[in-house]
Amino acid sequence: MHTRLTPAELTEHAARFLGARENTKDAYRAWVVHDLTRLRDGMGILSEAFGTGPLHAIAVKANPVVAILKELVACGAGLECASLEEVELSRAAGCPPERIVFDSPVKTVDELRAALALGIVINVDNFDELERLASILGDRADAPSSIGLRVNPQVGVGRISMTSVAGDTSKFGVPLNGERDRILAAFDRYPWLRGLHVHIGSQGCPLPLLVEGVRRVVDLRETIEERHGEGRVGFVDIGGGLSAVYRETDHYADPRTYAANLRDVCPTLFDGSVQLVTEFGRWLHAGCGFALSRVEYVKQQPGVSYVVQHLGADFLLRPVYRPEDWGHEFMLLDREGRVKEGPKTLVSIAGPLCFDGDFLARNVELALPEPGDWLLIRDVGAYSVSMWSRYCSRGMPPIVGVDGDGVFRTLRAGEAPEDVVAFWTGPATT
Ligand code: PLP
């Protein structure tokens, strides 16, 4: 089971959305739509799978739109933050401090102080950061924050090496094989060190890899508790990493299967003896979002048509630069939002940016495209808006939420040229 919008649901949303005349005005050349009912359903699936005890701290980097973060917080979610700025986004979304998890690998001393002052959860990335914290905390036995240590379980990499972080030499966390004794010594020394954190990778990490990574960390917890007694490790944060479906042919484990496997292999994660934390992002968000981008031109080239439309590497950075790893499915709609039927043709989908590699896809089959059609890009709810690039200085499209009642409301207004001018002018200096 996954949260992906089906073609029938997409067609219904798009027809209703584009049927409203103001949405086809020239100023709005592209839109991003996020289905909030689908998002809440996804949170429900996580709770069903893992039970109600765990804290699901959803990765802000997957989708940082504050209105969307607010929806998550209202569902009881926490938020996982890769930067202090993401911590501020979480606060702006009303997330209680004990549900904010701060994971940046480059925390400065000031950022650590700020995190302690806020009382948010801190996952320490390395021993030097641990020493920084120790010198801030002095000889205190407790800390105003829950503090964990990120461990690299060194279980290997998944299909996509760039987003796999549990290889032998990942830049994240403390390697478990070589540093086991130092990890144990850190727990001997710092009573305020109370948690273990692991994130194995994103998209394309097979389930056995995720489960084995968690198992190694749960084993470590047992060793720590053998030395210090039960309850010494207050939380185990298993990170994110469940894959999202991007193609009809993709088959990935869903949260139920993941949780069932973990219950078998690591039952102590579920027996109430420790707080379980997760940090899913992509699985939850990706399939809730779709984009509509107007076909501006269709250029005939020998053997192929270029569909020139408004979203490219500014929106889908990874699919443009690493098409062998990432890709999306598309639908072609007419001006009113009806799916275009009829004969198919091979097209390459060109973005608007000034380099010749700016293609969302090459040689895909679509109905005959015409200027004024809408390209629907599926599964853009995660790592798309959040990776928006300023190259060529195009304004970010409006982000719209749709609810069960079929009503669309703006979650973030589209950027006008003056907003981009303000961005490049920069914040006021004092
Ligand atoms: N937690 C950490 C530490 C991460 O680095 C990431 C992604 O990079 C996530 C959670 C979210 O991963 P995903 O979106 O694959 O679930």
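Residue numbers count from 1 along this sequence. In listed order, ligands and their atoms are each counted from 1.
- In summary, the side chains of T223 and R180 do present a donor paired with an acceptor at a separation below 3.5 Å, with no hydrogens or angles considered.
- Between the side chains of E71 and H34, no donor-acceptor pair is found at a separation under 3.5 Å.
- Judged by the 6.0 Å distance and 45° axis criteria, R232 is not positioned over the aromatic ring of F187.
- In this structure, F280 has a heavy atom closer than 4.0 Å to ligand 1.
- Of the possible donor and acceptor atoms, none in the side chain of D314 sits under 3.5 Å from a partner among the backbone N and O of Y391.
- Residue G281 places at least one N or O, backbone or side chain, under 3.5 Å from an N or O of ligand 1.
- Among all protein heavy atoms, the one lying closest to atom 15 (O) of ligand 1 is S202 OG, 2.7 Å.
- Against a heavy-atom cut-off of under 4.0 Å, D103 is close to the following atoms of ligand 1: 3 (C).
- Not counting sequence neighbours, the partners of H328 by the ring pair (Phe, Tyr, Trp, His ring centres under 6.0 Å) test are Y246.
- For ligand 1, the atoms closer than 4.0 angstrom to any heavy atom of G240 are 10 (C), 16 (O).
- In this model, a donor atom of one side chain and an acceptor atom of the other lie less than 3.5 Å apart for R221 and S273.
- Between H197 and ligand 1, no N or O atom pair is found at a separation short of 3.5 Å.
- Of the protein's non-hydrogen atoms, H199 CE1, 3.5 Å is the one closest to atom 9 (C) of ligand 1.
- If you look at H285 next to ligand 1, there are no close heavy atoms at all, none under 4.0 Å.
- Partners of H56 by ring pair (Phe, Tyr, Trp, His ring centres under 6.0 Å), not counting sequence neighbours, listed by chain and number: F50.
- In the model, D254 has a side-chain atom that pairs as donor or acceptor with a side-chain atom of T257 under 3.5 Å.
- The atoms of ligand 1 that sit less than 4.0 Å from any heavy atom of A59 are 11 (C).
- If you check which protein heavy atom lies closest to atom 10 (C) of ligand 1, you get E279 O, 3.2 Å.
- Looking only at protein heavy atoms, the nearest one to atom 16 (O) of ligand 1 is G241 N, 2.8 Å.
- Nearest residue to atom 6 (C) of ligand 1 from R282, E80, R150, K61 is K61 (criterion: closest heavy atom).
- The distance criterion of under 3.5 Å between nitrogen or oxygen atoms is met by Y383 with respect to ligand 1.
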